[in-house]
Each structure stands twice: as C-alpha cells, then as structure tokens.
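The block underneath contains the structure these notes are about, expressed in structure tokens.
Values in this document were obtained by computation on a predicted structure and should not be read as measured data.
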Amino acid sequence: MKTPVVDLGSCILCEICVELAPHAFGINDAVFVEVLSLDKYSDEDIHEAIKNCPKDCITWE
C-alpha cells in the first residue's frame, strides 16, 4: 500500500494538506505536519492535498 510522506525540511506549514484532507494530515504537538494512520490512503482528498502542496513536499512511498 502506498502511503503519503511529508518532507519536513521543505514543508512551510501552509496547512493546505490539513485543510483538504484533515482525516489524513494533521499538525502534531511539535508543530510539524504528520500523516495520520489510516487503513487506506487512496481517496481524492489526499490526491488533491498532494497536488496542491505549494512546495511539492508530499510524495508517495
């Protein structure tokens, strides 16, 4: 199963991913974007979050 991965070194914390797919992305206590644990990462909201990331720091692994 493919999983989204966030390159924290490139992330500018714009939170677009959190806005578009709050069930898959969140901001943790250390104020970094994290990928939340899901059984499946294939819905359209996740694809939109990846596509709209201004720094292209979300990829599939």
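To the nearest 0.5 angstrom, Glu19 atom CD is 13.5 Å from Glu48 atom CD. With rounding to the nearest 0.5 Å, the separation of CG in Asp45 from CZ in Phe25 is 10.0 Å. With rounding to the nearest 0.5 angstrom, the OH atom of Tyr41 is 6.0 Å from the CE atom of Met1. Distance NE2/His47 to CD1/Ile58: 12.0 Å, rounded to 0.5 Å. How far CG of Asn52 is from SG of Cys14: 9.5 Å, rounded to the nearest 0.5 Å. Note that CD1 of Ile27 and CZ of Phe32 are 10.5 Å apart. Values are rounded to the nearest 0.5 Å.
Within 6.0 Å of CD on Glu61 lie no more than 12 heavy atoms contributed by other residues, nucleotides or ligands.
Pairing each heavy atom of Cys57 with each of Cys11, the nearest pair is SG-CA, 3.7 Å. The two residues Ile50 and Pro4 make their nearest non-hydrogen contact at CD1-CB, 4.4 Å. Closest heavy-atom contact between Cys17 and Ala49: CA-CB, 3.7 Å.
For the pair Val35 and Val5, the minimum side-chain heavy-atom distance is 4.5 Å or more.
Of the options Leu20, Leu13, Ile12, a side chain to side chain contact (heavy atoms under 4.5 Å, CB included) to Ile16 is made by Leu20 and by none of the others.
Asp43 places a side-chain N or O within donor-acceptor distance of the main-chain N or O of Ile46, the cut-off being under 3.5 Å.
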